[in-house]
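The structure appears below as structure tokens.
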Amino acid sequence: MEKNYLSKEEDSCFSRLVIDCNTSPDTEEKRRRLAEIKERTKILIYRVSQEILHMSKDEASSVYVEMNKDLDRIISSYRISSATYNQYLKQLCQYRARRMRREKGNKGIWERAFLMEEINWAAHYSSAYDFTYGIGEEELSTLDMDTYSNMNMENLFFHIINNKDRPDYPIYNEMEEKLRKALMKVTTRKRFLILILFIPKNTSGIESSDLARVLQTDESAIQKLLEMKEEYVGSNNTGRYGTALDRANKHWRIMAKLKKEISMERNEERKLRLQDHYHTQVKCHRQRIIEARKINRGMTRTEIAEILGMSRSTVCTAIVKMTEKLKEIILTSSLTT
């Protein structure tokens with residue numbers, strides 16, 4: 001092979017070499033070829049990121065470092081498909097870059113969770129662990145929204161629950177493996193999808209590809225369900241939600257400053273005035289949080305119950321049970337790492 005890594009001829013030749021290596025028995029010759037494939041893949045990751053996806057040197061380097069940790073899995077996950085090896089790596093680099101940008105944009109997730117007076121476990125799970133990693137172009141090209149265009153939300157909901165026809169998505173960490181195993185049960189799948197309908201779009205951090213991987217189902221079905229949810233909820237209120245949250249943050253910062261001043265104040269009269277001011281800010285903060293929740297919401301429990309033809313108590317129980325299950329998976333996985 002030549003050094004023209006991105007040419008069609010080289011790409012086609014190397015794609016066949018990777019597939020042959022993945023399907024051949026474990027021998028000394030295979031291990032030697034695998035070592036060569038690893039070295040070439042390292043070069044391809046950086047060059048695809050920079051020359052095809054037009055990333056900056058810093059971003060391409062970051063993608064290279066992150067993907068280099070899972071090099072063996074990247075190579076072994078490639079199989080016969082319509083996508084060449086370079087196209088396969090292009091999709092992986094895109095997903096990894098998008099995940100890194102999302103994480104960078106969510107640096108304040110724990111502060112927002114504190115302000116909202118609750119931990120959004122679904123958001124924590126999806127932002128801390130990458131579900132999208134490893135999906136090849138063949139899977140992405142199979143998306144066909146017309147397949148589900150005639151389904152209403154209830155029919156699509158139960159279609160996803162009953163279809164686990166994509167078991168070929170690879171697993172990359174213990175947490176994902178535990179969740180995927182739990183979602184093999186119909187009851188857990190139902191509770192999980194109810195929770196997805198319930199949580200706000202802007203705080204979920206969950207994409208259709210994420211859900212498709214853990215539910216082992218067609219991504220286009222998931223994407224259609226999420227679109228139906230957003231249509232039902234209404235217009236995109238991202239800007240209004242951010243404004244309301246900024247206002248809440250402002251009151252929270254004042255509260256923190258007042259709390260420090262109260263602890264250091266020795267004059268009782270001034271201390272009482274500071275305490276009154278503090279309690280006023282607490283009330284304002286809570287009001288802003290209520291405003292943000294009203295703006296940034298998913299479907300309500302009552303709406304979900306009506307759409308899916310089940311009781312409101314069933315929906316409430318499903319949300320509580322699935323939230324507890326996600327907490328358990330997160331905590332047990334954290335303890336073993």
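Residues take their numbers from the sequence shown, with the count starting at 1. We use all heavy atoms of the structure for the numbers below, so side chains are in, but hydrogens, waters and symmetry mates are not.
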Do R273 and E268 pass the salt bridge (Lys or Arg N to Asp or Glu O under 4.0 Å) test, and can you show the C-alpha distance, the side-chain angles, and the key distance before you say yes or no? CA-CA 9 Å; R273 288 200 301 269; E268 289 298 325; over 6 Å; no

Do R33 and E36 pass the salt bridge (Lys or Arg N to Asp or Glu O under 4.0 Å) test, and can you show the C-alpha distance, the side-chain angles, and the key distance before you say yes or no? CA-CA 5 Å; R33 284 195 297 166; E36 294 176 355; over 6 Å; no

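A distance-only check finds a donor-acceptor pair linking the side chain of S77 to the backbone of R73 [under 3.5 Å]. Between the N86 side chain and the L44 main chain, no donor and acceptor come within less than 3.5 Å of each other. The backbone N or O of S7 sits nowhere less than 3.5 Å from a side-chain atom of D11 that would complete a donor-acceptor pair. Of the possible polar contacts, none joining the Q50 side chain to the R47 backbone as a donor-acceptor pair under 3.5 Å is found.
For T314, the side-chain contact (heavy atoms from CB on, under 4.5 Å) partners at least two apart in sequence or on another chain are M310, S311. For T188, the side-chain contact (heavy atoms from CB on, under 4.5 Å) partners at least two apart in sequence or on another chain are A182, L183, K185, M322. D276 is linked by a side-chain contact (heavy atoms from CB on, under 4.5 Å) to nothing, counting only residues two or more places apart in sequence or in another chain. Residues satisfying the salt bridge (Lys or Arg N to Asp or Glu O under 4.0 Å) test with K57, not counting sequence neighbours, are none. Partners of E265 according to the salt bridge (Lys or Arg N to Asp or Glu O under 4.0 Å) rule, which considers only residues two or more places apart in sequence or in another chain, are R270.
Applying the salt bridge (charged side-chain N to carboxylate O under 4.0 Å, His left out) test to residues at least two apart or on different chains, none of the pairs has a partner in residues 311-320.
Taken from CD in E261 to CD1 in I254, the straight-line distance is 11.0 Å, to the nearest 0.5 Å.
The aromatic rings of Y88 and Y78 are tilted relative to each other, their planes meeting at an angle between 30° and 60°.
Just one of K250, R286, H251 meets the side chain to side chain donor-acceptor pair (under 3.5 Å) condition when paired with Q281; it is H251.
Counted within 6.0 Å of NZ on K30, heavy atoms from surrounding residues, nucleotides or ligands total more than 12; the atom is thus considered enclosed.
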